[in-house]
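So the structure is just underneath, and the comments pick up after that.
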Protein chains: 2
Amino acid sequence: MQLFFQYNWRVREEWFEWCKNLTDEELQQKRSGGVGSIIETLLHIIDVEYSWINVLKGEKIIDFTIREYHSLEKIIRLSGELQSEMITYLQNWNIAWENENATPPWMDGTYKKGEIIRHVIAHEIHHAGQLSVWARDMGREPVGASFIGRGFIPEKKAGYPAF
Amino acid sequence: MQLFFQYNWRVREEWFEWCKNLTDEELQQKRSGGVGSIIETLLHIIDVEYSWINVLKGEKIIDFTIREYHSLEKIIRLSGELQSEMITYLQNWNIAWENENATPPWMDGTYKKGEIIRHVIAHEIHHAGQLSVWARDMGREPVGASFIGRGFIPEKKAGYPAF
């Protein structure tokens with residue numbers, strides 16, 4: 001499970017770098033599908049991930065609005081801060097928790113923690129796929145989506161990254 | 001890992017159903033990003049998954065060309081046939097295999113089986129994200145990408161699906 005977060009966070013870093021070449025107008029331009037613009041997609045990915053992880057942890061939900069996080073710089077900072085906050089929980093993710101229930105306060109229904117963690121993973125990959133089409137619409141090369149070739153499982157177990 | 005395949009295959013089924021409302025022209029129309037058309041994306045997802053699973057199994061690679069699989073009907077049939085062939089391997093997926101090496105004949109480089117299985121999972125989710133933008137471009141509601149709410153981890157373990 002952790003390897004998927006490593007992947008998502010690495011790809012997200014690359015999209016952040018990619019976005020540094022765009023104007024504010026390009027970042028904010030309404031586009032078809034998804035949540036409507038590149039900047040809103042990035043904030044949405046971060047917000048949804050953090051909200052669900054807080055559901056898993058049984059902690060309070062915080063909303064991050066585009067009005068407050070309207071610049072790439074603010075979003076990149078927010079992403080880093082929230083990752084630092086979530087990393088311990090994710091590193092300690094235990095397969096025994098998969099069948100435990102969790103209830104998001106913004107929805108009717110209770111879900112298994114194993115469903116929620118996969119939902120978060122799939123959610124970011126899905127939205128990154130949308131970004132890749134918008135990139136081509138803009139005539140730009142999108143960030144690569146490959147999982148292999150990034151060395152997430154290195155040759156020697158001794159060198160296995162902590163996260 | 002199996003739950004992600006369940007998810008991808010369920011979402012794929014829904015895209016197949018969704019595609020039944022399109023004309024051949026709409027299915028084949030060149031679109032920006034990805035592999036270029038809806039029908040080619042569906043074949044690409046199926047082909048890439050099957051190729052990598054055969055790399056994991058140490059079996060021969062077969063190419064499926066759009067010239068041969070040019071209709072939705074043929075692609076749906078192919079998807080079902082290949083899933084039947086792969087399901088036993090996926091059901092028996094063992095975490096002990098994660099650090100084993102596998103070498104795809106079409107690339108330079110050796111990858112860990114744990115990387116490859118995640119690559120396959122992320123690959124389909126990524127392309128489904130692209131389909132969702134194209135759907136909106138066509139003024140249509142895309143297939144939902146949610147992992148939760150599909151009952152992949154049911155309440156009682158006794159009712160846990162085999163796959």
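Proteins get letters first, then strands, A, B, ... in listed order; numbering begins at 1 in each. All heavy atoms count here, side chains included; hydrogens, waters and symmetry mates do not.
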Original post:
What part of B:Asn8 gets closer than 4.5 Å to chain A, counting heavy atoms only: side chain, backbone, both or neither?
Top reply: neither
Subject >> Contact class of B:Ile121 relative to chain A, heavy atoms under 4.5 angstrom >> reply: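 Just its side chain gets close to chain A.
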For chain B, the option from [options] that forms the most heavy-atom pairs under 4.5 Å:
options                                : answer
A:Asn101, A:Ile116, A:Ile125, A:Thr110 : A:Ile125
A:Gly149, A:Ala122, A:Gly114, A:Ser32  : A:Ser32
A:Gln130, A:Arg136, A:Arg118           : A:Arg118

**OP:** Compare every heavy atom of B:Phe4 with every heavy atom of A:Met1, then report the nearest pair and how far apart it is.
**Re:** SD-CE1, 4.5 Å
**OP:** Could you pull out the closest heavy-atom pair between A:Glu115 and B:Gly151, with the gap in Å?
**Re:** OE2-N, 3.8 Å
Subject >> Approximate separation, where rounding is to 0.5 Å, of A:Ile117 CD1 and B:Leu3 CG >> reply: 13.0 Å
For [X], does the [atom1] atom have more than 12 heavy-atom neighbours from other residues, nucleotides or ligands under 6.0 Å away?
X        : atom1 : value
B:Lys30  : NZ    : yes
A:Glu59  : CD    : yes
B:Glu100 : CD    : yes

Original post:
Does any non-hydrogen side-chain atom of B:Phe147 lie less than 4.5 Å from one of A:Val120?
Top reply: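 When only atoms from C-beta onward are counted, B:Phe147 and A:Val120 do not touch, as no gap falls below 4.5 Å.
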Original post:
Under a 4.5 Å cut-off applied to non-hydrogen side-chain atoms, are A:Met107 and B:Ile148 in contact?
Top reply: yes
Original post:
Just by modelled atom types, is the A:Ala145 backbone N or O under 3.5 Å from a matching donor or acceptor in the B:His126 side chain?
Top reply: no
**OP:** Sort out for me which of B:Gly129, B:Pro142, B:Ala135 touches chain A most, counting heavy-atom pairs under 4.5 Å.
**Re:** B:Gly129
